[in-house]
Q: 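Let me begin by handing over the structure; questions about it come next.
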Amino acid sequence: MAYPHTDIEKKWQKYWEENKTFRTPDAIDPAQPKFYVLDMFPYPSGAGLHVGHPEGYTATDIQARYKRMKGFNVLHPMGYDSFGLPAEQYAIKTGEHPRKITYENIATFRRQLKMLGFSYDWDREIATTDEEYVRWTQWIFLQIFKRGLAYESELPVNWSPDLCAVLANEEVEEWRAKGFSVERRSMRQWVLKITEYAERLLADLDGLDWPESIKEMQRNWIGKSEGAEVDFAIGGETIRVFTTRPDTLFGATYMVLAPEHPLVAQIATPEQAEAVAAYRAAAAGKSDLERTELAKEKTGVFTGAYATNPVNGQQIPIWVADYVLWGYGTGAIMAVPAHDTRDFEFATKFDLPIIQVVQPPEGVDWHGFIDDGVAVNSGEYDGLPTAEVKKRITAWLEKTGQGAGKTNYKLRDWLFSRQRFWGEPFPLLHCEKCGVVPVPEKDLPVRLPEMKDYRPTADGQPPLARATDWLQATCPVCGGPARRETNTMPQWAGSCWYYLRYIDPKNDAALVAPAKEKYWMPVNLYVGGAEHAVLHLLYARFWHKVLFDCGVVSTKEPFQKLVNQGMILGEMEYLAYRDAAGAWVSAERVDENGCDLRTGEKYVPAHVPEADLQKQGDGFVLKNQPDVRVSARAFKMSKSRGNVINPDDIVKEYGADSLRLYEMFMGPLTQVKPWSMKGVEGVSRFLSRVYRLAVDDETGQPSPKLADGEPTKDQLRALHAAIKKVTGDIERMDYNVAISAMMIFVNEAQAWEQLPRSLLSTFVLILSPFAPHLAEELWNRLGHDGSLVREPWPAWNEAYLKEDEIEIPVQVNGKVRGRIRVAAEAGQDTVIAAALACAEAAPFFAGKEIKKQIYVPKRMVNLVVAG
RNA sequence: GGACGGGUGGCGAAAUUGGCAGACGCGCCAGACUUAGGAUCUGGUUCCGCAAGGAUUAGGGGUUCGAGUCCCCUCCCGUCCA
């Protein structure tokens with residue numbers, strides 16, 4: 001029978017709330033070690049908490065509770081990333097202020113988070129939409145602005161005249177498919193100079209305890225490449241290109257300009273002008289994504305013009321092609337078809353000359369060889385390795401004034417403005433006389449106006465342009481009339497610095513008090529989904545570095561250790577398909593949309609009960625029709641698939657402790673794993689067994705097995721083995737294994753006639769980070785007062801773990817053939833003698849020459865015999 | 001195409017350094033208790049074989065007394081980049 005989890009959980013949540021059990025004191029004792037453990041705060045969507053949220057949140061809560069018991073001063077806060085598009089869309093539809101729905105959703109999230117028993121300091125709760133929070137977001141923007149790191153620029157955006165909205169790049173396809181028109185239109189935007197920090201953002205990754213894959217993604221995003229800029233002469237002009245391979249200059253047989261390159265129109269010959277103009281017009285209609293994406297078939301047009309290759313004076317044709325982007329490098333490239341994949345494809349298609357200049361190792365074809373080798377057909381550089389040629393040619397370019405070494409980054413400046421209502425207003429004024437003027441810090445926050453219509457204007461101005469009264473302001477410099485900035489900040493702004501505000505959330509004189517910042521930073525552990533691996537973490541690191549330069553923070557990096565939780569998928573689904581006549585169709589003939597791979601016929605998917613399945617090879621087939629393969633996989637949870645698990649339902653039926661424990665028991669935290677309702681029942685049964693160790697669940701009275709006596713040797717060994725294992729596993733965040741260790745203890749404890757209270761009390765302490773409600777309840781029922789959250793974490797005693805006699809497997813030629821029992825302290829000679837006397841193993845070595853005897857202390861014996 | 005991560009029973013998984021593969025949980029099988037069991041408890045459960053034994057960590061090769069773990073090749077899956 002399940003234990004009364006609902007009563008227990010309500011009782012302890014109330015106790016924690018009333019006693020402010022998890023309050024982190026404002027006053028700092030610098031002598032006490034600190035631990036700052038942070039969750040990626042949620043966007044409070046209308047759908048409420050998803051089971052993915054408690055996965056990371058439980059992982060951090062276990063750390064927080066463990067470190068508290070280890071004597072650390074723990075900061076474990078929670079808040080809401082509450083600006084966001086859904087609330088704005090809802091506001092447009094209903095005419096209600098997005099604030100209303102946002103704070104309703106926050107209330108739901110808060111209720112659900114409290115229901116799960118996380119040990120947050122709720123007095124530090126923040127929402128990025130709170131006016132006091134917006135005030136400091138705006139303040140940070142002002143620091144960025146004052147340091148010259150923000151500028152205005154006319155940039156193309158995706159504007160849909162039908163929708164009257166600006167779309168993100170990712171949204172364009174979706175709306176086009178629905179029949180809405182989307183065009184590229186230049187609009188005035190605010191841009192942050194993140195590129196100035198590219199080198200530091202790259203270099204400081206090295207010292208971080210982050211997953212290597214995430215660091216690599218950030219490195220790729222920053223995209224540092226070293227090479228040279230080279231000038232190609234054409235008439236009186238020069239075309240500058242960037243190349244990472246100056247060593248291949250002798251193999252440059254043509255050039256390519258981006259369609260937007262200003263020289264294109266100028267150099268195109270009269271015969272080619274028309275074709276070039278048509279090509280440019282076509283390219284203008286394509287998004288960056290379409291141009292860089294796959295672009296299997298290269299397109300391009302000859303301009304009719306020629307440039308001079310500086311190394312050999314050769315005239316090479318100049319082409320226009322959209323695989324060269326105006327945004328990257330100089331918007332022009334020198335093409336070396338012999339040693340660049342895209343240039344090779346292009347040259348092959350348009351029949352341009354291909355000249356080898358790098359000799360690959362023996363047996364490798366030089367056509368399209370892009371790695372390092374030895375220079376050939378390169379004049380005086382022939383025979384030199386690639387790296388050396390790079391150096392020498394760069395030096396020669398510099399000496400002759402035709403180029404220079406140059407480092408390039410893929411990272412672009414950050415388009416920081418949105419044409420939306422529900423975001424932080426920029427604290428900026430446009431004055432006719434003084435230009436752009438920052439709002440004085442004392443006038444922050446700049447609040448959003450009250451409005452009824454949240455749509456952009458028909459000509460694409462942001463919604464705030466409709467707030468005619470709000471727009472009027474006075475220039476703080478000249479006192480003349482000024483107009484407020486109507487763009488707002490993107491959702492990223494609030495999430496770039498929230499970890500700092502938790503440290504000092506109520507401070508109205510500063511973003512964070514320096515002494516507190518110094519004590520708490522950096523964040524020791526940051527847990528969240530990998531979907532934020534690039535942008536959020538890069539933006540937050542950028543702001544942090546700016547704040548470091550301003551002297552607001554004392555660390556170069558905000559997040560010392562980062563862990564990405566893996567996604568939780570829906571339950572495993574066994575799917576087979578039926579055709580129109582109802583006959584089964586084997587899964588390998590069906591694509592992911594349920595259509596036949598060859599005929600395109602639409603099939604009806606059907607779930608097959610597990611009992612009707614049979615394993616065959618890598619997959620499953622129908623038991624009574626083995627030629628029909630059944631697909632077995634778990635899908636991402638989604639409303640349309642109907643496989644979403646609601647945490648509320650789980651808590652209601654099994655309790656918060658079961659949900660927490662299950663999500664930690666599913667598998668390694670960082671791994672993708674499918675949900676299993678049966679698995680939830682399994683851990684729930686475990687918790688019931690723990691409950692019954694202490695409580696007779698017929699009567700609700702203490703279990704008659706509980707005793708006051710001293711524990712036996714076996715009992716101490718079982719307990720201390722669990723303490724040791726669980727402690728190490730928590731340190732490594734191997735929670736699934738920690739839980740199995742506790743299960744092993746409980747399985748043993750169940751069989752004991754007598755269970756000393758002291759023993760069970762200690763066990764309850766190690767269980768408490770995982771299942772805090774049940775642990776508190778049992779702690780009390782075992783005779784302790786108050787909460788256990790600041791009880792010292794139990795230490796294990798190695799002496800209890802020592803066994804007098806151990807079992808050692810005897811291998812013959814690497815195969816286990818028998819087992820011997822020897823004294824734990826026995827030496828090699830004794831153990832080998834015992835192994836040679838082992839009756840089970842003897843038939844495998846008796847009468848044969850023993851060539852080698854290997855003893856791995858306390859692990860195994862291996863006898864190597866001839867033949 | 002490239003980079004990174006991964007592939008272990010029917011399923012989720014475990015295996016700190018190269019040292020008893022499959023801990024723990026689910027499922028399944030059997031038994032006990034029971035008016036009843038979708039409760040609880042006990043035992044069994046990688047595969048083949050009556051057994052002795054053999055095979056087995058995606059597949060193939062290598063290093064080693066010994067490989068899930070190290071090296072090489074191939075295949076498959078996931079994520080990101082192109």
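Just so it is clear, the model here is predicted, and its values are computed rather than measured. We name chains A, B, ... by the order of the sequence lines, and we start the count at 1 in each one.
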Q: In Watson-Crick or G-U wobble terms, both distances under 3.5 Å, what is the partner of rC80(B)?
A: rG2(B)
Q: Across the strands shown, which category fits Pro211(A) at heavy-atom distances under 4.0 angstrom: base, sugar-phosphate, nothing?
A: nothing
Q: Quick one: are the ring centres of Tyr526(A) and Trp210(A) less than 6.0 Å apart?
A: no
Q: For rA14(B), does either OP1 or OP2 sit under 4.0 Å from a side-chain N or O belonging to Asn736(A)?
A: yes
Q: How many Å lie between CD on Gln811(A) and P on rC65(B), as a whole number?
A: 14 Å
Q: Are any of Lys673(A)'s side-chain N or O atoms less than 4.0 Å away from OP1 or OP2 of rG12(B)?
A: no
Q: Base, sugar-phosphate, or nothing for Ser213(A), non-hydrogen atoms under 4.0 angstrom?
A: sugar-phosphate
Q: Looking only at the side chain of Ile854(A) (C-beta and beyond, no hydrogens), which of the listed nucleotides rA15(B), rC24(B), rG19(B) gets closest?
A: rG19(B)
Q: Is rG5(B) syn or is it anti, if syn means the base angle is within 90 degrees of 0?
A: anti
Q: The side chain of Lys852(A) lies closest to which of these nucleotides: rC26(B), rA14(B), rC65(B)?
A: rC65(B)
Q: From rG19(B), rC11(B), rA39(B), pick the nucleotide closest to the side chain of Tyr574(A)?
A: rC11(B)
Q: Please state how far atom CD1 in Ile370(A) lies from atom P in rG1(B), giving the value in whole angstrom units.
A: 13 Å
Q: Under 4.0 angstrom, heavy atoms only, what part of the nucleic acid is Met217(A) near: base, sugar-phosphate, or nothing?
A: sugar-phosphate
Q: Pick base, sugar-phosphate or nothing for Gln671(A), based on heavy-atom distances below 4.0 Å to the nucleic acid.
A: sugar-phosphate
Q: Looking at rG49(B), which nucleotide sits across from it as a Watson-Crick or G-U wobble partner, both distances under 3.5 angstrom, or is there none?
A: none
Q: Look at all strands and tell whether Arg817(A) reaches a base, only sugar-phosphate, or nothing, counting heavy atoms closer than 4.0 Å.
A: sugar-phosphate
Q: Could you please name the partner base of rG31(B), counting Watson-Crick and G-U wobble pairs only when both distances are under 3.5 Å?
A: rC41(B)
Q: Between rG10(B), rU79(B), rG53(B), which nucleotide has the shortest distance from any of its atoms to the side chain of Phe620(A)?
A: rG10(B)
Q: Does Arg859(A) contact rC20(B) through a side-chain donor or acceptor facing the base, at a distance under 3.5 Å?
A: no
Q: Could you tell me whether the side chain of Arg692(A) has a donor or acceptor atom within less than 3.5 Å of a complementary atom in the base of rU40(B)?
A: no
Q: Name the pairing partner of rC20(B), where a pair is Watson-Crick or G-U wobble with both distances under 3.5 Å, or state none.
A: none
Q: From C-beta outward on Phe844(A), which listed nucleotide comes closest to its side chain: rU16(B), rA3(B), rG53(B)?
A: rG53(B)
Q: Within the structure shown, what part of the strands sits under 4.0 Å from Ile744(A) by heavy-atom distance: base, sugar-phosphate, or nothing?
A: sugar-phosphate
Q: From CG of Leu537(A) over to P of rC80(B), roughly how many Å is that when rounded to an integer?
A: 15 Å
Q: Scan Asn862(A) against the nucleic acid and name what it touches under 4.0 Å (heavy atoms): base, sugar-phosphate only, or nothing.
A: base
Q: Can you confirm if the NZ or CZ of Arg641(A) lies within 45° of the ring axis of Phe635(A) and under 6.0 Å from the centre of its six-membered ring?
A: yes
Q: How long is the line joining CD1 of Ile739(A) and P of rC26(B), in whole Å?
A: 13 Å
Q: Would you indicate, yes or no, if rG25(B) has its OP1 or OP2 atom less than 4.0 angstrom from a side-chain nitrogen or oxygen of Asn747(A)?
A: yes
Q: Round to the nearest Å and state the distance from Arg685(A) atom CZ to rG37(B) atom P.
A: 17 Å
Q: Scan every strand shown for a Watson-Crick or G-U wobble partner of rC75(B), both distances under 3.5 Å, and answer none if you come up empty.
A: rG7(B)
Q: Considering every strand and a 4.0 Å limit on heavy-atom distances, what is the contact class for Glu681(A): base, sugar-phosphate, or nothing?
A: nothing
Q: Quick one: label Arg819(A) by what it contacts on the DNA or RNA (base, sugar-phosphate, nothing), any heavy atom closer than 4.0 Å.
A: base
Q: Please give the nucleotide sitting opposite rU56(B) as a Watson-Crick or G-U wobble pair, both distances under 3.5 Å, or none.
A: none
Q: In this structure, how many angstroms lie between the P atom of rC80(B) and the NZ atom of Lys410(A), rounded?
A: 15 Å
Q: Go through rC20(B), rC24(B), rG27(B) for me and flag the one nearest to the Met743(A) side chain.
A: rC24(B)
Q: Does CZ in Arg219(A) sit with more than 12 non-hydrogen atoms of other residues, nucleotides or ligands closer than 6.0 Å?
A: yes
Q: Under 4.0 Å: is that the gap between some side-chain N or O of Lys851(A) and OP1 or OP2 of rG66(B)?
A: no
Q: Between P on rA39(B) and OH on Tyr691(A), what's the gap in Å once rounded to a whole number?
A: 19 Å
Q: Please give, in whole Å, the distance from rC24(B) C1' to Tyr735(A) OH?
A: 18 Å
Q: Side chain of Val737(A): nearest nucleotide among rG25(B), rA15(B), rA21(B)?
A: rA15(B)
